[in-house]
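Right, one structure below, let's go through it.
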Amino acid sequence: MELFCHRRDLRLADNVGLAAAADRGEVAGAFVFDPDVLDHASDVRVRRLLDGLAALRDDYRDRGSDLLVARGDPESILPDLADAVDADRVVWNRDYSGLARERDAGVRKALNDSGVEREAHHDAVLHEPDSIRTNAGDPYSVYTYYWKKWTDRETDSPAPTPAAGDLVDVGALTAAVGDDGAVADGGAETDRVAVGDLPSPADLGFDAPDAEVGPAGTEAARGRLDDFLDEPVFSYEAERDYPAREATSRLSAFLKYGEIGIRETYEATERALAAAQSEGDEERVESVEEFQQQLAWREFYTQVLYHNPEVVTENYKEYEEGIEWRDDPDEITAWTRGETGYPIVDAGMRQLREEAFMHNRVRMIVASFLTKDLLADWRHGYDHFREHLADHDTANDNGGWQWAASTGTDAQPYFRIFNPMTQGERYDPEAEYITEYVPELRGLDADLIHEWHELSPTQRANVAPEYPEPIVDHSERREEALAMYKRARGEDPEE
DNA sequence: TGCGACTTTTT
DNA sequence: AAAAGTCGC
């Protein structure tokens, strides 16, 4: 008997570690609520996690088994849990962030001390962080070269889904865990295990989020993938930047929680690619490749974080003199509330609060606005996204923020500053996205909305009295941002 | 080692 | 058209 520990892989299908364990004999699936991980969680992500776990548990139940739900420090609880269910090996899939690697090293040692075998698998990405390197043997810091190697490499097929007979029967799990849920033999007082019983957010010290977090679980993920690959993917390149068109995959949260496997996902895109190629339609082919590039970006940033765990808090690219952020607390608050007086920015920030999601193009716009119009440290934005995004992923969000702030690997140059009005006009010309999230502007002509910054205060008060005045002047702030970065580079801003 | 190339732009 | 700089071959 083996114990499989789910972490960011809340699925039975295409799960490399689980399949390996099932191939050897019976497996029991478990999830541990680690207090150290919960310390970094948020209302939104706890809700989303619990939804994913409920779906996973139901998938186990459909096969006559159940999910073991433990609470406590994995280092103390996993050896005891392995003992309680009589497992001789604990198996999991690798997680590549710094915190996760520290945790896993501790768990490895604890299991070793208890004489329990352990095994970690390569599952979360198609190509592991160490496996794609420059010809000189270094990790890549430029995406395009990374992509070339990533896309040329052979990929694994999806891992087989365990059959009902591979999973430990629910009756045996209940018998092993016992009535009180306390783990036997010297575990910490607070360590508890239940069979299929999930805690509520309140049990874990969290509130119900204000946002709707969206569907969870493998079935929902597969439905989403099928819908996307049925047609939208073939016009992805032309459509993806228009937030009102909802032309993106919306797979991010499913991938973050591992409710669908990357091999299964990629294989499905390969089928779409082959279909487009056989039609000989270049635009459709390029669109599928464009989407595959997004999967490669996910792995690019995974390997950036793996090789540079300090980027979570530090600039990847340090400026000689350091950046002196303006960090005005009132301006940052206006940004988080979606009250900047820049319609596309406010729409994005409000979508985030309402849906725990933001369209990718708009993420770039609000990130550029925070760093280069408000001159606020990207860490403020990263922290806010981490609290409110259901799909928050350390590697991707950190990579995105450092890209926007011109401090990252392959970041945009510091002088590349988005114009929030131009962006709104170009990517939401009819202001459909804007008015969906900014009710104060409903009923106005799109032209008027895109000219908001140019109207006089009197005009603004007349047409939309409830909507804020622009809190900054973009042209002025653009010059200030250029000067800020030049000083950080040790240059004279006057030149 | 010289050089082509570099996610998402702006004025 | 120009705003830099440097990565990777």
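Numbers restart at 1 for each chain; the letters A, B, ... are given by sequence-line order, proteins then strands.
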Determine whether the aromatic ring centres of A:W92 and A:F4 lie less than 6.0 Å apart. no
Heavy atoms only, 4.0 Å cut-off, all strands: where does A:E237 land among base, sugar-phosphate and nothing? nothing
Does A:Y427 have A:R361 sitting over its ring (NZ/CZ under 6.0 Å from centre, angle to axis within 45°)? yes
Spacing of A:E318 atom CD relative to C:dG5 atom P, expressed in whole Å: 17 Å
Rounded to the nearest angstrom, tell me the gap between atom OH in A:Y236 and atom C1' in B:dT8. 11 Å
Among C:dA3, B:dT9, B:dT10, the one nearest any side-chain atom of A:Y427 is B:dT9
For the side chain of A:R489, starting at C-beta, report the closest nucleotide among B:dT8, B:dT11, C:dG5. C:dG5
Side chain of A:Y140, heavy atoms from C-beta onward: which of B:dT11, B:dT8, C:dC9 has the nearest atom to it? C:dC9
Is the phosphate of C:dA2, meaning OP1 or OP2, less than 4.0 Å from a side-chain N or O of A:R416? no
Name the closest nucleotide to the A:Q423 side chain, picking from B:dT8, C:dG8, B:dT10. B:dT10
Rounded to whole Å, how long is the line connecting atom CZ of A:R478 with atom P of C:dA3? 13 Å
A:R245 to A:Y242, cation-pi by 6.0 Å centre distance and 45° axis angle: yes
How about A:F291 and A:F228: are their ring centres within less than 6.0 Å of each other? yes
A:H384 and A:H380: aromatic ring centres closer than 6.0 Å? no
Take N1-N3 plus N6-O4 or O6-N4 for Watson-Crick, N1-O2 plus O6-N3 for G-U, both under 3.5 Å. Which runs of 3 or more such pairs involve DNA chain B? B:2-6 with C:5-9
Under 4.0 Å: is that the gap between some side-chain N or O of A:R363 and OP1 or OP2 of B:dT8? no
Between A:Y145 and A:Y140, how do the two ring planes meet: parallel, tilted or perpendicular, split at 30° and 60°? parallel
Is the A:W401-A:F385 ring centre distance short of 6.0 angstrom? yes
If you look at every heavy atom in A:I262 and A:D14, which pair is closest and at what distance? N-OD2, 3.7 Å
Nearest to side-chain heavy atoms of A:T134, which nucleotide of B:dT10, C:dG8, B:dC6: C:dG8
Can you name the atoms? Protein N/O to nucleotides 3-5 of chain B N/O, anything below 3.5 Å, with the distance.
unit_1, atom_1, unit_2, atom_2, d
B:dG4, N2, A:Y145, OH, 2.9

Tell me whether the OP1 or OP2 atom of B:dT11 has a side-chain N or O from A:N419 closer than 4.0 Å. yes
Answer yes when A:R489 and A:E320 have at least one side-chain N-carboxylate O distance shorter than 4.0 Å, and no when they do not. no
What does A:K149 touch in the nucleic acid at a heavy-atom separation under 4.0 angstrom: a base, only the sugar-phosphate, or nothing? sugar-phosphate
Strictly under 6.0 Å, is that where the ring centroids of A:F369 and A:Y342 end up? yes
When rounded to whole Å, the CH2 to P distance for the pair A:W403 and B:dT9 reads 7 Å
Below the 4.0 Å mark, does C:dG8 have OP1 or OP2 next to a side-chain nitrogen or oxygen of A:S141? yes
Between C:dT6 and B:dT1, how far apart are the C1' atoms? Round to whole Å, please. 14 Å
Taking any heavy-atom pair under 4.0 Å as a contact, classify A:R133: base, sugar-phosphate, or nothing. nothing
